[in-house]
Amino acid sequence: MLEIKNLHVRLEEEDKEILKGVDLTVEAGKVHAIMGPNGSGKSTLSYVLSGRDGYEVTAGSATLAGEDLLEQEPEERAAAGLFLAFQYPVEIPGVGNMTFLRTALNAQRKARGEPEVSAGDFLKLVREKAKTLKIDAEMLKRPVNVGFSGGEKKRNEILQMAILEPRMCILDETDSGLDVDAMKLVADGVNALRDEGRGFLVITHYQRLLDHIVPDVVHIMAAGRIVKTGGPELALEVEKNGYHDLLAEAG
Amino acid sequence: MALPKAKQDATEAFLAQVTLPEGAAWASAARKAALERLRDMGVPVRRDEYWRFTRPETLFERPAPEAEVFVADEEPVFGAIDRLKLVFVDGVFDAEASDDPAMDGVEITRLSQAAAADIHWARELYGVLEARSHADVPRPLAALNSATATDGVVIRVTGKPVRPISLIYLHGDRTSDAVLHHLVRVEPGAEVTLLENGPAAARFNKCIEVDVAEGASFNHVRAQGRDHERRAVTHMFARLAARSVYKSFTLTANGVLTRNEAIVEFTGDDAVAHVAGAAMGHGAFHHDDTVFVTHAAERCESRQVFKKVLRNGAVGVFQGKILVKSGAQKTDGYQISQALLLDDESEFSAKPELEIYADDVKCSHGSTTGAIDETALFYLRSRGVPRGEAQDLLVLAFLAEAIEEIEDPDIAADILSRLESWLARRRD
C-alpha cells in the first residue's frame with residue numbers, strides 16, 4: 001500500500017536534514033507502528049507524506065498503491081486515499097464542522113469522479129459515525145475544533161477518517177494529551193476501521209496506545225532512520241528498557 | 001474659522017460650477033443653507049485629517065471621471081426577495097420600472113415632489129442631521145449632497161409594512177454623476193427594512209437621513225454594485241430615540257473608489273445600533289469605511305463590525321470612532337475592523353478611536369490585518385479540499401461575523417452567495 005524508499009528530507013528553512021534514508025513498506029490490511037525518541041523524525045515523515053510545505057525531498061521516493069505521492073498536492077494525496085490524523089488538529093473559526101466534513105467528502109468524491117453525497121445521506125452517515133465515537137450534535141455544529149478539548153479534537157480526527165474512508169491512515173501521536181478513557185474511545189474508532197484493504201501507520205512515543213491498537217509490525221526510528229523492526233514485542237521492550245539500549249544495540 | 005487660502009480658492013472655484021435645483025421656499029432655503037455650510041467648511045483636500053487615507057478629489061470635482069457600464073453575468077441581488085421596488089437609472093427615477101409605492105404602514109414620496117410642496121414634513125429632517133454632524137467633523141461632501149441632490153425618496157413609516165422597500169440604482173451612462181438624498185422617518189413603534197443595490201452612476205453621491213423614533217426599528221442592507229470603475233461617496237445619518245433599533249449592513253464588491261460614512265447618534269436611552277460591512281477588493285479598489293457613533297444617552301449598545309478582503313493591490317481603510325458623552329452611563333460600545341490580505345501588494349489602514357467622558361461604560365475596539373492561515377489551509381487540503389476552495393472557505397469564515405449582522409436569513413443567504421461567487425470567479 002505505502003512504500004517508502006531511501007527517503008531523505010531536508011527542512012527548507014534551516015537547511016537541516018531530518019530524514020536520512022527511510023525505508024518502510026506498509027501492506028494493505030496491516031498496522032505498522034513507528035516509535036522513537038523526540039526529534040527522531042517521526043512527525044516529519046507524516047508531514048512529508050501528507051504534503052506539508054517547508055520540507056524538501058532530496059532523495060528517495062514514496063508511493064501509495066504504486067502512485068508517486070511526492071509529486072502530488074496535499075488534496076490529491078487525500079483523494080488518492082491518504083489520511084493524516086494530526087498530532088495537533090487545527091482550529092478553524094467560522095467554518096462549521098459539518099460544512100468542513102461535507103466539503104471534504106464531496107471534494108474527494110469529485111476528484112475521483114464519483115457523485116456528491118446528498119445532504120440527507122451525509123447527515124445520516126455523520127450521525128452514525130459520530131455516535132460510535134460519542135461525538136454529540138453540539139460538537140458537529142461548532143466551528144472545526146474550536147473550543148474542543150484535547151480528547152474531542154482527537155475524536156474529531158477519527159470521525160473524519162471514518163467518513164472519508166482512506167486507504168492509508170497515518171496517526172501522528174494520536175494518544176498525546178488523552179486520558180485512558182479517551183484513548184480507549186479513539187483506539188476503538190481506529191480498530192473499527194481496520195480491514196483488509198486499509199493500511200495504518202501509527203506514530204507514537206509510548207507503548208500504551210499499542211495496547212489498544214495492536215500493531216502487526218513495530219519500527220524504531222532514530223536520527224532520521226528506521227533502526228530496528230520487529231513484532232509487537234518490540235514495543236514492550238521499549239516500554240521496559242527505554243530507547244537507550246535499543247539504540248546502542250542498533251549502533 | 002477662516003479657511004486656508006488654497007482651500008478657500010479651491011472651494012470658490014468649485015462652487016462657481018454649482019447650481020441648486022429648483023424647489024419650494026423651504027427646500028430652496030435648505031439647499032442654500034447647505035451650500036453655505038459647504039462654503040464654510042471648504043471642499044475636502046488630502047491634507048484634511050479626515051481624508052488622510054483616501055483622496056477626495058475625484059469624489060466631487062467636475063466632470064465626474066467616466067466609468068464603464070458593467071454587464072453582470074448573474075441575477076441582481078435581492079431578486080428572490082418580495083419587496084417594493086423603486087428604480088433610479090443614473091440617478092433619475094424610473095416610474096415605469098418601479099412598483100406602485102402604496103403599501104400599508106408607510107408613505108413614500110419622491111424628494112422632488114416633497115421639495116416642490118409648500119408644506120411637507122421633510123423640511124424637519126432634510127439636511128438637519130447632516131448639519132448637526134459637522135460639530136464633530138466637517139463632512140463637506142454630505143453638505144454638497146444636501147445642496148445639490150436632484151431626487152431621492154422620502155419615507156414615513158407609521159406601521160410595519162410587510163415588504164422591504166428596495167431602492168435599485170442602475171447605471172446606464174458612462175458619464176453619469178448622480179446625487180440622491182433620502183429621508184426616512186420611522187414613527188414610534190414602527191418597523192421597516194430598506195434595501196439598496198446597484199452602482200447608481202459613474203459617480204454617486206448619496207445621503208440618507210434616518211430618524212428612528214421611540215421603540216421603532218430600522219433595518220438596512222445594501223450591495224453597492226460590481227462596476228469596477230464606479231465611484232461612490234455615501235453618508236448615512238441616523239438619530240436614535242429611546243428603545244429604538246438601527247441595523248445596517250453593506251456589501252461592497254469592486255468599485256474603484258468608495259467612501260461610506262455612517263454617523264449614528266443616540267439621543268434616547270436603551271437604543272441599539274449595529275453598523276457592519278464586508279468589502280471585497282481586487283486590483284484597482286479603494287474602500288473607506290468611516291464611522292462615527294455618538295452616545296448621548298444611557299444604556300445604549302453600539303456595534304461596528306467591518307471586514308475587508310483585499311487582493312492584487314486593493315486598498316482598505318477604516319476610521320471608526322465611538323464618542324461617549326458625559327452622562328451616557330452604561331454604554332456598551334464595540335468596534336472591530338479587520339482586513340484579510342491575500343497578497344503582499346494589498347494594504348489596509350485603520351484608525352480606531354474611543355473618546356469617553358462617562359465613567360461607567362464598557363467599550364472595546366480591535367483592529368487586525370492578516371493573511372490566510374497557512375496551517376488551516378493545509379489542514380483543509382489534507383482532507384481533500386482543493387487549495388482554491390479551501391481558501392474561499394477561510395475567507396468566508398473571516399467574513400462570518402459581519403454577515404451574521406444581517407437579520408433576515410433569506411437576505412443573508414443572498415449576500416453570502418454573492419460573496420461565494422465573487423471568490424469563485426477569482427480562484428487561482
Side-chain angles (χ1 to χ4, degrees), chain A residues 46-55 69 72-112 114 143-146 153 156-157 159-161 163-166 169-170 172, chain B residues 276-278 280 305-309 336-340 342-344 366 368-406 409 412-413 415-417 419-421 423-424 427-428:
Chain A
S46 72
Y47 284 140
V48 169
L49 292 175
S50 58
R52 190 175 182 142
D53 284 344
Y55 302 95
L69 272 181
Q72 296 179 351
E73 297 292 334
E75 52 268 37
E76 293 170 328
R77 302 179 196 205
L82 185 79
F83 182 93
L84 169 65
F86 282 53
Q87 181 179 1
Y88 303 108
V90 180
E91 296 186 8
I92 313 183
V95 177
N97 212 9
M98 286 294 267
T99 307
F100 166 63
L101 291 167
R102 196 167 146 212
T103 306
L105 178 62
N106 281 331
Q108 291 200 11
R109 293 182 67 94
K110 194 174 161 194
R112 294 193 291 256
E114 297 163 9
V144 180
N145 294 324
V146 177
K153 284 182 182 171
N156 200 31
E157 294 291 288
L159 174 66
Q160 293 165 37
M161 202 159 90
I163 287 168
L164 298 172
E165 298 187 314
C169 308
I170 304 172
D172 187 8
Chain B
M280 317 289 287
V305 181
F306 287 89
K307 305 263 184 166
K308 292 178 169 64
V309 177
I336 183 97
S337 63
Q338 295 181 307
L340 184 61
L342 297 182
D343 52 46
D344 293 340
T368 64
T369 308
I372 282 279
D373 179 349
E374 289 294 331
T375 315
L377 191 66
F378 173 65
Y379 190 62
L380 287 165
R381 296 177 71 197
S382 80
R383 297 302 180 247
V385 184
R387 173 185 270 282
E389 212 177 314
Q391 177 162 314
D392 290 0
L393 261 182
L394 296 175
V395 171
L396 293 171
F398 164 80
L399 293 168
E401 189 186 358
I403 311 296
E404 280 160 15
E405 290 293 328
I406 305 171
I415 294 289
L416 187 63
S417 79
L419 293 167
E420 286 168 348
S421 45
L423 289 167
R427 255 186 216 157
D428 298 325

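Naming convention: chains lettered A, B, ... in sequence-line order (proteins, then strands); numbering from 1 in each chain. Both backbone and side-chain heavy atoms feed into the values below; hydrogens, waters and symmetry mates do not.
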So, the part of A:Asn145 with a heavy atom under 4.5 Å from chain B: the answer is side chain
Counting heavy-atom pairs under 4.5 Å with chain A, the top scorer among B:Leu380, B:Leu399, B:Leu396 is B:Leu380
Between B:Pro386 and A:Ala107 the two heavy atoms that sit nearest each other are CD-CB, 3.8 Å
Between the OH atom in B:Tyr379 and the CZ atom in A:Phe100, the distance rounded to the nearest 0.5 Å is 4.5 Å
Taken to the nearest 0.5 Å, the spacing of B:Arg387 CZ from A:Glu73 CD works out to 7.5 Å
Mind listing the side-chain donor-acceptor pairs of residues 81-96 of chain A below 3.5 Å, one per line with the distance, residues two or more places apart or on another chain?
from	atom 1	to	atom 2	distance (Å)
A:Gln87	NE2	A:Glu173	OE1	3.2
A:Glu91	OE2	A:Lys153	NZ	3.0

For A:Ser50 and B:Phe378 the tightest heavy-atom approach is OG-CZ, 3.4 Å
Counting heavy-atom pairs under 4.5 Å with chain B, the top scorer among A:Ala79, A:Ala104, A:Ala80 is A:Ala104
Residues pairing under side chain to side chain donor-acceptor pair (under 3.5 Å) where one sits in residues 74-83 of chain A, two or more places apart or in two chains, turn out to be A:Glu75-B:Arg381
Honestly, the part of A:Glu157 sitting under 4.5 Å from a heavy atom of chain B is side chain
Honestly, the part of B:Glu389 sitting under 4.5 Å from a heavy atom of chain A is side chain
Identify whether the distance between the nearest side-chain nitrogen and carboxylate oxygen of B:Glu374 and A:Arg52 falls below 4.0 Å.
-> no
For B:Arg383 and A:Ala78 the tightest heavy-atom approach is C-CB, 3.8 Å
